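Quick caveat: nothing in here was measured; it's all calculated off a predicted structure.
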Amino acid sequence: MSEPVRITVKPDGSYTLLRGERPLIFGLTRELAFSLAESCGVAIERVYSIG
């Protein structure tokens with residue numbers, strides 16, 4: 001069973017494609033992130049930092 005693919009977006013607006021917890025592509029554009037989410041069913045998750 002493969003790990004899920006997802007996209008995270010940080011408060012600064014940067015998008016990253018991940019497989020499980022391993023980053024695959026940093027610095028996706030918003031348009032590409034939403035295109036992947038729509039066409040491939042990839043979830044986009046917000047990432048928050050506590051500090």
- Val9 with Leu18, same ILVMFWY side-chain cluster at under 4.5 Å: no

- When rounded to the nearest 0.5 Å, the distance separating CG of Leu28 from CD1 of Ile44 is 9.0 Å

- Item | Residue pairs involving residues 7-20 (criterion side-chain hydrogen bond (donor to acceptor under 3.5 Å, both in side chains); sequence neighbours excluded) | Asp12-Ser14

- Item | Sequence neighbours excluded, every pair satisfying salt bridge (Lys or Arg N to Asp or Glu O under 4.0 Å) that has a member inside residues 37-51 | Arg6-Glu45

- Task: Could you pull out all residues at least two apart from Thr29 that satisfy side-chain contact (heavy atoms from CB on, under 4.5 Å)?
- Result: Glu31, Leu32

- Task: Please round to the nearest 0.5 Å and tell me the distance separating atom CD1 of Ile7 and atom CG of Leu36.
- Result: 5.0 Å

